[in-house]
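Worksheet: the structure to be examined is printed underneath.
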Amino acid sequence: MTVVTRFAPSPTGYLHIGGARTALFNWLFARHHQGKFLLRIEDTDRKRSSQDAVEAIYEGLTWLELDWDGEAVSQFSCVDRHRQVALSLLEQGKAYRCYCSKQELTEMREAARAAGKPWKYDGRWRDREPADAPDGVEPVIRLKAPLEGETVITDLVQGEVRVANETLDDMILLRADGTPTYMLAVVVDDHDMAVSHVIRGDDHLTNASRQYQLYVALGWDIPEFAHIPLIHGPDGAKLSKRHGALGVDAYRDQGFLPAAVRNYLLRLGWAHGDEEIISTAQAIEWFNLESIGRSASRFDITKLTNLNGHYIRHGDDGELARMIAPTIADNRGKDLNDGEMDLLTRAMHGLKGRAKNINELSDSAQFYFNSSPLEFTDKARAQLDEAGCSHLSNLTSSLDKLASWEAETIEAHIRAYGDQHDPAIKLGKIAQPLRAALSGSTVSPPIFDVMALLGKDETLVRIKDALNTQA
RNA sequence: GGCCCCAUCGUCUAGUGGCCUAGGACGCUGGCCUUUCACGCCGGAAACACGGGUUCGAACCCCGUUGGGGUCACCA
C-alpha cells in the first residue's frame with residue numbers, strides 16, 4: 001500500500017506554527033515511505049475563506065521547503081461529489097432530512113444548558129415522515145448514527161480511543177443551503193484522494209469517532225489516524241493569535257531559517273534518542289509515528305533561537321551573503337557589485353558565529369559597506385579618546401608602509417607596536433580604538449580580519465576620518 | 001458541566017520492569033579561552049504530580065486522586 005498523507009488547512013488565516021508542524025509531520029511521513037504528500041484547502045465555508053489566506057499557506061509551505069505532490073485541491077470544487085454522497089446515504093436510509101431550524105436548535109441547546117444537561121441533538125427527525133415537514137424550512141441532511149455500542153479508534157499516536165455511541169449525535173452532512181459540512185467533506189475527500197494516513201492535530205481527535213461512523217455508513221476503508229499533540233503557548237493553552245503566534249512569515253521576517261524552524265518543530269513532540277540537530281535528510285530517514293509523544297508541548301522561542309544560531313553558524317557563506325545582500329543594499333541605497341558581493345561572502349566567516357538570526361547577521365555586516373566617515377555608537381566614541389586616538393595616529397604611517405596586508409602580518413605589526421610603546425600594554429587598548437574607528441562600534445569580528453577584509457586603503461581612510469571626527 | 005486525551009528538570013525530551021544514586025538539549029549559573037562580542041570547552045543547580053496496588057524489583061504495568069489540555073456549531 002502506498003502511503004498518502006495530506007495537509008488540509010482551512011484558509012481562514014495564515015499558516016500558523018502548529019499547522020506548519022502538522023504539515024512537516026505529514027511531509028516527513030510521506031517522504032520517509034516514498035509516498036505522496038497532498039495539499040487540500042478546506043474552503044467549504046465560503047464566508048470564512050479568503051484567497052489571501054490560500055496564498056499565505058502556499059507561501060508558508062514553500063518557505064519551509066515542504067513541497068506537495070500534484071496540484072493543491074480546493075475542497076469547495078468537490079461540492080457536487082459531496083452532495084451526491086450525502087444524497088446516496090439518504091437513499092439508502094442511512095441519513096435523513098432534519099427540519100429543525102437553527103433557532104429551534106439554539107433553543108434546545110440553551111434549554112439543555114439551563115437544565116445542566118449535556119447537549120446533544122435528539123434525533124427528533126430521525127424517523128419522522130417527510131410529510132410532517134413544516135413549511136418554509138429547508139432541511140439539513142443528518143447521518144443516522146448508531147444509537148448504541150462503541151466506536152473504537154486505534155490511533156497511531158494516542159492508542160485506542162473508545163467513545164460510547166450514545167454520546168455521539170446525528171451530525172449534519174449537508175447544510176440547509178445544500179453545501180457540505182466539514183465532516184462530510186473530509187471523509188469524502190480523504191477517501192477520494194486515497195489518503196492512507198490522516199495525521200492532524202489532537203483537536204480533531206473527537207471528530208475521528210464521528211468520521212469513523214461515516215466511513216462505516218459509506219462502506220469505505222478507514223484510513224489510519226494519527227492525532228498529534230497540540231502546541232501550547234507559554235501559558236499552557238492551545239497556541240493562538242493571542243500568544244503572538246503569527247504566520248510562519250513572521251518567523252521569516254524575524255530572521256529565522258527554514259531549516260532551523262523545521263528542526264525545532266520536529267523536536268517538539270518527536271524524538272530520536274538524544275539527537276538534537278537533525279538534518280532534513282536524516283529526519284526523513286528517521287521519522288516515524290511511534291516516536292511522537294502523546295502530550296502537548298510548549299512553544300519556546302528561545303530554543304528556536306538557539307537552533308537558528310546553530311544553523312547560521314554552520315550555514316554556507318555564499319548562501320548567507322545572498323540572503324542579506326538585499327537588506328544591505330537597501331540600507332546604503334546602492335546595490336552591491338561583484339567585488340562587494342565577494343567581500344560580503346568572505347566576511348561571513350567572521351560574522352556568522354555571532355548572529356542568532358539573519359537580521360542580526362545583516363546588521364553586523366552593514367559596517368563593511370557604510371561609507372566613511374562612519375557614524376559611531378556612544379561606546380565607540382568613548383574608545384576614541386585621547387589615548388586611543390594617539391595610538392591610531394601613531395599607527396597610520398607605519399601601517400601604510402606594510403608590504404603585506406594579511407591579518408597575520410597586520411596583527412604582528414600592531415603587537416610589535418604595542419610592545420615597543422609599552423611592554424605592559426594590553427592589546428585591547430589598541431584593538432578597541434581600532435575597532436571603533438573601523439566598524440563604528442565596539443563589537444565586531446576579530447579586528448585584524450576586519451582590516452584585511454577592508455583593505456589597506458579603506459582601513460587608512462576610516463582611521464583618518466575617525467581621527468578627524470574626534471578632533 | 002458531559003465526553004475524550006495527557007502527566008520525567010523552568011522548557012523540549014531520552015527512558016518501554018532491574019543498565020536510573022534518571023541521560024541529553026535550551027535557559028540559568030561558576031570557570032577556561034580571548035583584541036570586543038559571540039562561538040567553543042570544562043563544571044554546577046534543576047524532574048519521575050500524589051496515593052494505592054501488581055512484582056523479588058517500578059519513572060516504566062493496573063486503579064484512584066489531583067492537575068493540565070482538547071472538544072461539545074447548518075466553523076474547520
Side-chain angles (χ1 to χ4, degrees), chain A residues 8-12 42-45 47-49 75 98 100-102 105-106 109 112-113 116-120 138-142 155 157-159 161-164 166-169 171-183 185-186 201-209 227 229-230 232 234 236-238 264 267-277 291 293-300 302-307 309-310 313 350-356 364 379 383 411 414-415 418 426-436 439 441-448:
Chain A
S10 61
T12 53
E42 309 245 314
D43 52 359
T44 54
D45 184 345
K47 292 185 212 77
R48 288 164 168 243
S49 303
Q75 188 162 61
C98 166
C100 288
S101 67
K102 270 188 200 176
L105 252 16
T106 307
R109 211 165 7 238
R113 187 176 352 181
K117 290 184 165 181
W119 154 252
K120 176 189 156 194
E138 284 299 325
V140 297
I141 293 182
R142 288 183 184 269
D155 190 278
V157 171
Q158 305 294 344
V161 179
R162 299 169 168 274
V163 178
E166 57 182 345
T167 65
L168 268 24
D169 63 3
M171 63 185 167
I172 294 175
L173 267 18
L174 227 48
R175 302 189 184 101
D177 64 2
T179 59
T181 59
Y182 161 77
M183 288 294 182
V186 250
D202 212 3
D203 49 345
H204 284 281
L205 186 56
T206 52
N207 289 334
S209 320
H227 289 92
L230 301 177
H232 286 174
K238 188 177 172 180
Y264 176 70
R267 285 289 289 104
L268 212 51
W270 180 88
H272 183 84
D274 286 338
E275 301 292 338
E276 296 287 348
I277 304 294
S291 301
R294 278 170 299 279
S295 54
S297 42
R298 299 187 187 204
F299 186 76
D300 181 12
T302 314
K303 188 152 184 178
L304 205 207
T305 302
N306 172 273
L307 227 28
H310 173 91
R313 284 196 290 283
L351 258 16
K352 66 184 182 183
R354 300 173 155 69
K356 293 206 163 34
S364 69
K379 284 182 179 174
Q383 286 297 330
E411 174 167 1
I414 289 176
R415 281 186 188 275
K426 289 268 199 292
L427 186 54
K429 290 290 179 196
I430 308 168
Q432 280 305 82
L434 261 176
R435 194 183 314 280
S439 74
S441 118
T442 52
V443 176
S444 85
I447 198 60
F448 307 120

| query | For every nucleotide of nucleotides 18-35 of chain B, 5' to 3': is a protein heavy atom under 4.0 Å from its base (B), only from its sugar-phosphate (S), or from neither (-)? | reply | -----BBBSS-------B

| request: Could you work out the separation of B:rU16 and B:rC20 based on their P atoms and round it to a whole Å? | output: 11 Å

| request: Could you work out the separation of B:rC50 and B:rG40 based on their P atoms and round it to a whole Å? | output: 36 Å

| task | Check the pair A:Arg48 / A:Thr12 against side-chain hydrogen bond (donor to acceptor under 3.5 Å, both in side chains), numbers first and verdict last. | result | CA-CA 6 Å; A:Arg48 288 164 168 243; A:Thr12 53; 5.9 Å; no

| said: Tell me whether the side-chain N/O atoms of A:Lys379 come closer than 4.0 Å to OP1 or OP2 in B:rC37. | reply: no

| Using a cut-off of less than 4.0 Å, is there contact between a side-chain N or O of A:Trp119 and OP1 or OP2 of B:rC3? | no

| Taking for each residue the nucleotide of RNA chain B with the nearest heavy atom, is it A:Met183 or A:His232 whose nucleotide lies nearer the 5' end? | A:His232

| Considering heavy-atom distances to RNA chain B, does A:Ala271 or A:Ser444 have its closest nucleotide positioned more toward the 5' end? | A:Ala271

Does [X] reach a base, just sugar-phosphate, or nothing at all? Heavy atoms under 4.0 Å.
X        : answer
A:Leu230 : sugar-phosphate
A:Ser364 : nothing
A:Arg298 : sugar-phosphate
A:Ala176 : base

| field | Residue A:Val163, side-chain atoms from C-beta onward, closest of B:rC3, B:rA38, B:rG70 | value | B:rC3

| Nearest-nucleotide pick for A:Gln158, side chain only, options being B:rA73, B:rC6, B:rA76 | B:rC6

| task | Report yes if a donor N or O on one partner sits less than 3.5 Å from an acceptor N or O on the other, where the partners are the side chain of A:Arg354 and the base of B:rC39; otherwise report no. | result | no

| said: With hydrogens left out and only the distance checked, is there a donor-acceptor pair under 3.5 Å joining A:Asp43's side chain and the base of B:rA76? | reply: no

| Are any non-hydrogen side-chain atoms of A:Lys303 and A:Glu276 less than 4.5 angstrom apart? | yes

| message | Taking the side chain as everything from C-beta on, heavy atoms only, tell me whether A:Thr167 gets closer than 4.5 Å to A:Lys120. | response | no

| message | Nearest whole Å is fine: how far is B:rC72 C1' from A:Lys238 NZ? | response | 13 Å

| Does the side-chain ring of A:His227 lie flat on the base of B:rG70, meaning centres under 5.5 Å and planes less than 30 degrees apart? | no

